[in-house]
2 protein chains.
Amino acid sequence: MTFDEFKQMAMVSMTEICREIFHEKQTSIKIKKEAVAVKNLVNIFNTALKLSNEKGFQTMSLRDLSRNTGLSMGALYSYFASKEELLEIIQDQGRRLTRKILTRQIDPNSSSDEKLCTAIRTHLYLTEVLHKWFYFSFMETKNLEKKQQKKSVEGELATEQIFIDILKQGNREKLFHVENPILTASVIKSMLQDWYVKRWKYTLRQITVDEYCNFVIDFIKSAIKNKES
Amino acid sequence: MTFDEFKQMAMVSMTEICREIFHEKQTSIKIKKEAVAVKNLVNIFNTALKLSNEKGFQTMSLRDLSRNTGLSMGALYSYFASKEELLEIIQDQGRRLTRKILTRQIDPNSSSDEKLCTAIRTHLYLTEVLHKWFYFSFMETKNLEKKQQKKSVEGELATEQIFIDILKQGNREKLFHVENPILTASVIKSMLQDWYVKRWKYTLRQITVDEYCNFVIDFIKSAIKNKES
DNA sequence: GTCTATAGTGCGATAGAC
DNA sequence: GTCTATCGCACTATAGAC
C-alpha cells in the first residue's frame, strides 16, 4: 500500500468529516441547508487549524477567524455555541477518526509482523493526510476542560494498546522478543508522533512519509526481532 | 552515575538559574538587592511554569500570576518588561542549560558506545530535574516571535547533531551499524522527548527515570549494534 | 520595593436589521 | 443565512502613593 492508495481508500477528506459533524451537531449548528453548512464548516475548520497551529488556539481570536474565513462574527456563531465548543469538536473528531481508521486497516487474522507494519504505516499515513488536525490535537489538549482531557488520555492509551497487543502476539508467535511490551509500545508511539509534531524538521530535510515509514519499521524490527529464530 | 548523583553534580537548581538571570537582565529587572530579586524570581518562574503547564502561557493572565505568587501586578513588572519578555527569558534559559550540561557531561575521548549512553542518560536526567521547564519550552515555542523561534530550532538541531556525531563515530569504530545517522538521531531524540512530553503516562505507570533510561538504551543498542562484530 | 488604582485595548458573545 | 453594532468584561501595562 502506497501513500496515494491510502488517501483514496481511507476517504478521509475534510468535506466528509464536516458532513459528519453537521449531522451530529444539530444542537449547536443553526444552519439547515447541508450544502451551505458543509461548505462553511470546511472553511471554518481549515482556517481555525491553520491559525491555531501558527500561534495557538487561545491566541487566535474569533475576530482573527472571522477575518480569515471571510465570515462575520455573527455567522461564525451559527456554527458553534462558543469558542470552547469549537475546540472540543475538532478534538473529538480527530480522536474518533484515528480509532476508526487504525482498527479498520488492521486485519485481525494476519501475523504480528504484518500487523506491526500495517499499524505503523497506517498511523503515519493518517497523520500525514490530517497533519494539521493531529498537530492541533496534540498541542491543545491541555486547554480542554477536565472531562474532555480524560477522553484524550483514553484515546492515547487505546492507540498504544493496539501496539501492545501486536507485540504480545509477536512474542507468542516467536517472531519478536519483547521483554517489556508497554515501554516498547510507548517508544514506538513516540516515533510515530514525531512525524507530525516535528514535521518542520522532516520537511526541511525533504524526507517523505514513505522514507520515514520504511526507516521506522526497519529500526523497530531490528530492535525487537527474535534473534533465535 | 545515578539520578541522585546527577542532581548534585549538575548543580542545576532553580535558585542558581534565577541568580544568573538576575545578573544578565539588569535592563528589565529594576530590583537592586540580589537576595530579594532572586527570591522573587524563583517564586515567579516556578509559579509561571506551574500555571502555564496546566493551561498554557497565553491563557495564564498576569492577574493569575499575581494571585498565585502573592506579588502585585506592579511588583511583577519590576522583574520583566512585558509578558512576552517573561516567555523569552524562560525559553532562553532552558536552551542554554541543555547545551551546557549535555556537552559538559560527554567526555570527548570516550568510545561511541559510552558517549551514546552518557548522552541519553544525561538528557533524560536533565529533563527529569527541570521537567516543568522543558515541557514549557516544548509547548510554547510557537508563541514566540520569529527571531526567538529560530533560536529554538537551532537548539533542537544542535542537540540532534550531538547524537548524529556519536552515531557516525560508532560506524567508524565498527561498534554500530547505522545506515542513516540523521533519521536514527531523530528517532532517538523523539524517545527522549517523550519522557517529559508524556510524563503523565510514565507517572501513571510508576516508571522511574532510571527504568526508562535503561530501557531506551537497550532498545536503541539492539537496533543499531553491529551484528558482524 | 511593593502597593492600589486606573487607563486603554481587545475580547467573547448576542441582538436585531436585512 | 449573514451582517453590523454594541454590551460588558478581563486583559496588559503604567503612574503615583506609601
Side-chain angles (χ1 to χ4, degrees), chain A residues 18-19 21-23 25-45 47-48 51-52 55-90 140 143-145, chain B residues 18-19 21-23 25-44 47-48 51-52 54-90 140 143-145:
Chain A
C18 289
R19 188 168 294 119
I21 292 172
F22 168 72
H23 288 295
K25 287 271 170 187
Q26 297 289 1
T27 338
S28 315
I29 301 173
K30 298 183 189 73
I31 312 301
K32 292 295 154 229
K33 285 187 202 162
E34 181 180 295
V36 178
V38 170
K39 181 178 131 281
N40 283 332
L41 280 174
V42 170
N43 186 5
I44 291 171
F45 286 119
T47 311
L51 294 175
S52 297
K55 54 184 181 181
F57 183 77
Q58 305 287 343
T59 316
M60 172 196 77
S61 71
L62 291 187
R63 283 175 167 79
D64 283 337
L65 190 59
S66 164
R67 207 176 308 119
N68 282 276
T69 51
L71 289 161
S72 68
M73 290 288 285
L76 286 179
Y77 273 91
S78 307
Y79 293 90
F80 46 80
S82 68
K83 196 185 175 188
E84 171 81 18
E85 201 203 47
L86 174 61
L87 173 58
E88 282 172 20
I89 294 174
I90 299 180
E140 306 298 341
N143 297 323
L144 292 166
E145 55 159 33
Chain B
C18 289
R19 188 168 294 120
I21 292 172
F22 169 71
H23 288 296
K25 287 271 168 186
Q26 297 289 1
T27 338
S28 315
I29 301 174
K30 297 183 190 71
I31 313 300
K32 291 294 156 231
K33 286 188 203 162
E34 181 181 294
V36 179
V38 170
K39 180 178 132 282
N40 281 334
L41 280 174
V42 170
N43 185 6
I44 291 171
T47 312
L51 294 177
S52 297
E54 280 167 11
K55 55 183 179 180
F57 182 77
Q58 305 287 342
T59 317
M60 172 196 78
S61 68
L62 292 187
R63 280 176 165 79
D64 283 339
L65 191 58
S66 163
R67 207 175 308 115
N68 282 275
T69 52
L71 290 160
S72 68
M73 290 289 286
L76 286 180
Y77 273 91
S78 308
Y79 293 91
F80 47 80
S82 69
K83 197 186 174 187
E84 172 81 18
E85 200 202 48
L86 175 62
L87 173 58
E88 283 173 18
I89 295 174
I90 298 180
E140 306 298 340
N143 297 322
L144 291 166
E145 55 159 33

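Every chain is numbered from 1 and lettered A, B, ... according to where its sequence line falls, protein lines coming before strand lines.
With contacts defined as side-chain heavy-atom distances shorter than 4.5 Å, the pair A:F45/A:L86 qualifies.
Looking at B:K32, its side chain never comes within 3.5 Å of a backbone N or O of B:A37 through a donor-acceptor pair. Side-chain atoms of A:E140 come within 3.5 Å of backbone N or O of A:F57 as a donor-acceptor pair.
Not counting sequence neighbours, the partners of A:E34 by the salt bridge (charged side-chain N to carboxylate O under 4.0 Å, His left out) test are A:R19. In this structure A:S66 satisfies the side-chain hydrogen bond (donor to acceptor under 3.5 Å, both in side chains) test with no other residue, sequence neighbours excluded. Partners of A:S28 by side-chain hydrogen bond (donor to acceptor under 3.5 Å, both in side chains), not counting sequence neighbours, listed by chain and number: A:E85.
Counting only residues at least two apart or in different chains, salt bridge (Lys or Arg N to Asp or Glu O under 4.0 Å) contacts with residues 61-76 of chain A comprise A:K55-A:D64, A:D64-A:R67.
Of the residues in residues 25-43 of chain B, not one places a heavy atom less than 4.0 Å from an atom of DNA chain D.
Rounding to whole angstrom units, CG of residue B:D64 and C1' of D:dC11 are separated by 11 Å. Atom P of nucleotide D:dT14 and atom CG of B:L76 are separated by 13 Å, given to the nearest angstrom.
Tested against B:C18 for a side-chain contact (heavy atoms from CB on, under 4.5 Å), the candidates B:N40, B:L41, B:N43 yield a single pass: B:L41.
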* Structure fact -> In B/S/- notation (B base, S sugar-phosphate only, - none; protein heavy atoms under 4.0 Å), nucleotides 12-18 of chain C written 5' to 3' is BBB----

